[in-house]
Amino acid sequence: MAQTLELAFKYSMEDVLSRLALDPLNCVDLSNQTVKIPIDETIITIQSIGTLHEPKFMIIGLETDEQYERVLSIFHFNRSLEPIHQHFLGTNLHSLFLKFEGTPIITDFSLYGNIIKSIIHQQLNLSFAKTLTERFVNTFGRSKEGIWLHPAPEIIANLEVSTLREMQFSTRKAEYMIGISKAIAEGNLNLETLVSQSDDFILSELIKYRGIGPWTAESFLLFGLGRENLFPLADVGLQNSLKQLWNLDRKPMKSEIAPHLDSWSPYNSYAALYLWRNIE
DNA sequence: GACCAGGATTGCT
DNA sequence: AGCAATCATGGT
């Protein structure tokens with residue numbers, strides 16, 4: 001079953017696809033402006049057949065209304081970017097929002113995958129983190145219609161630290177990943193039910209677990225749930241982006257960034273996204 | 001061969 | 001409460 005969708009606000013699918021293509025686990029075809037994504041057990045294809053000013057899409061493979069709603073939510077098709085764009089034109093980030101106009105927050109397809117990915121990315125350069133993520137999914141996940149899916153938490157919960165260690169994960173990362181997978185597998189932690197809670201509640205809940213600090217919890221809110229008002233001050237990528245934007249000879253301290261958050265609020269997540277985008 | 005990377009924890013003052 | 005050491009290893 002296929003259907004078309006037109007948006008009434010500027011939306012850059014070109015930017016979305018090139019950003020998704022940075023992750024080798026995603027199934028992006030830039031020449032056909034297409035991406036395939038897993039929604040539970042169903043593979044959905046989204047094809048861009050419009051432009052920035054007149055965004056239009058073919059959505060192929062839908063089986064239920066719930067899947068359609070998930071697609072709208074993941075790709076930010078269901079809420080306009082216009083108020084956000086207007087908001088930032090009145091801030092010190094206006095040049096970035098002109099440069100990347102129509103760039104939405106895309107949420108990850110799997111909440112568990114989001115946590116795993118964040119733990120892998122902690123303190124590692126992007127390219128090595130990418131290698132580890134790919135190795136992890138290829139080893140423990142499964143492939144469906146050419147798409148690699150994250151393994152079930154139960155599989156990781158039963159691994160030995162040494163198994164991950166052999167795959168060049170640090171002992172600590174291995175402990176973190178197995179620990180959080182156990183909590184999920186045993187039912188102590190249910191990521192899906194956190195969706196209805198406030199940002200602060202989710203932060204405090206996730207940080208209880210070993211291996212999840214402020215950066216990982218904020219990343220879950222931002223890229224897992226698509227919450228709009230997060231700015232991970234601990235992120236070196238954001239620090240480096242601001243260093244470049246503000247022409248500093250060093251990375252800005254958290255105390256130098258914090259005063260700007262009020263002017264970017266309630267859309268701090270977009271400030272972060274556009275800053276990341278500017279140094280990719 | 002340092003030093004840094006989409007940090008977090010532990011152990012010390 | 002706050003700082004330093006520690007972690008593994010690829011990239012620069």
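Letters A, B, ... are given to chains in the order of the sequence lines, protein chains preceding strands, and every chain is numbered from 1.
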Within the modelled atom types, does a donor on one side and an acceptor on the other bring the side chain of Arg172(A) and the base of dT6(C) under 3.5 Å apart?
yes
Once you apply a heavy-atom cut-off of 4.0 Å, does Tyr176(A) come out as touching a base, just sugar-phosphate, or nothing?
sugar-phosphate
CZ of Phe128(A) versus C1' of dC7(C): gap in Å, rounded?
12 Å
Using the C1' atom on both, measure dA5(B) against dG2(C) and round to a whole Å.
24 Å
Trp215(A) side-chain proximity, nearest of dG10(C), dA8(C), dG6(B)
dG6(B)
For Leu132(A) and dG7(B), what is the distance between atoms CG and C1' respectively, to the nearest whole Å?
15 Å
Rounded to whole Å, please give me the gap between CD in Gln239(A) and C1' in dC4(B).
12 Å
Using atom CD of Gln122(A) as one end and atom P of dT6(C) as the other, report the distance to the nearest whole Å.
19 Å
Which whole number of Å gives the distance between the P atom of dG6(B) and that of dA5(C)?
23 Å
Using the P atom in both, what is the distance from dC4(B) to dT6(C), to the nearest Å?
16 Å
Please state how far atom NZ in Lys251(A) lies from atom C1' in dC4(B), giving the value in whole angstrom units.
8 Å
Does a side-chain N-to-carboxylate-O contact under 4.0 Å join Glu145(A) and Lys36(A)?
no
Is it true that atom CD of Glu54(A) has more than 12 heavy atoms of other residues, nucleotides or ligands lying nearer than 6.0 Å?
no
In whole angstrom, give me the gap between the C1' atoms of dG1(B) and dT9(C).
14 Å
Figure out the CD1/P separation between Ile120(A) and dA8(C), and round it to whole Å.
15 Å
Nearest-Å distance for atom pair CZ/P, residues Phe231(A) and dG6(B):
15 Å
Report yes if at least one side-chain N or O of Arg165(A) is closer than 4.0 Å to OP1 or OP2 of dT9(C); otherwise report no.
yes
Regarding Thr216(A), tell me which of base, sugar-phosphate or nothing describes its non-hydrogen contacts under 4.0 Å with the strands shown.
sugar-phosphate
Report yes if a donor N or O on one partner sits less than 3.5 Å from an acceptor N or O on the other, where the partners are the side chain of Asn125(A) and the base of dG10(C); otherwise report no.
yes
If you look at every strand shown and take non-hydrogen atoms under 4.0 Å, does Pro214(A) touch a base, only sugar-phosphate, or nothing?
sugar-phosphate
Under 4.0 Å between any heavy atoms, over every strand shown, what does Ile212(A) touch: base, sugar-phosphate, or nothing? Just pick one.
sugar-phosphate
So, does the side chain of Gln123(A) form a donor-acceptor pair with the base of dA5(B) at under 3.5 Å?
yes
Sugar-phosphate only, base, or nothing, as touched by Thr171(A) at under 4.0 Å among non-hydrogen atoms:
sugar-phosphate
Looking at the side chain of Gln168(A), which of dT9(C), dG6(B), dC7(C) is the nearest nucleotide?
dT9(C)
DNA chain C nearest-nucleotide lookup for Ser127(A) and Lys173(A): closer to the 5′ end is Lys173(A)
Got a salt bridge between Glu166(A) and Arg135(A), using NZ or NE/NH1/NH2 to carboxylate O under 4.0 Å?
no
Under 6.0 Å between ring centres, would you say that holds for Phe77(A) and Tyr11(A)?
yes
Check this for me, if you would: do Arg277(A) and Glu280(A) make a salt bridge, where the nitrogen-to-carboxylate-oxygen distance has to be below 4.0 angstrom?
yes
Does the salt bridge (charged side-chain N to carboxylate O under 4.0 Å, His left out) test come out yes or no for Asp40(A) and Arg70(A), once each step is laid out?
CA-CA 10 Å; Asp40(A) 301 323; Arg70(A) 277 281 290 154; 6.0 Å; no
Whole Å only: how far is the CD1 atom of Ile279(A) from the P atom of dA5(B)?
10 Å
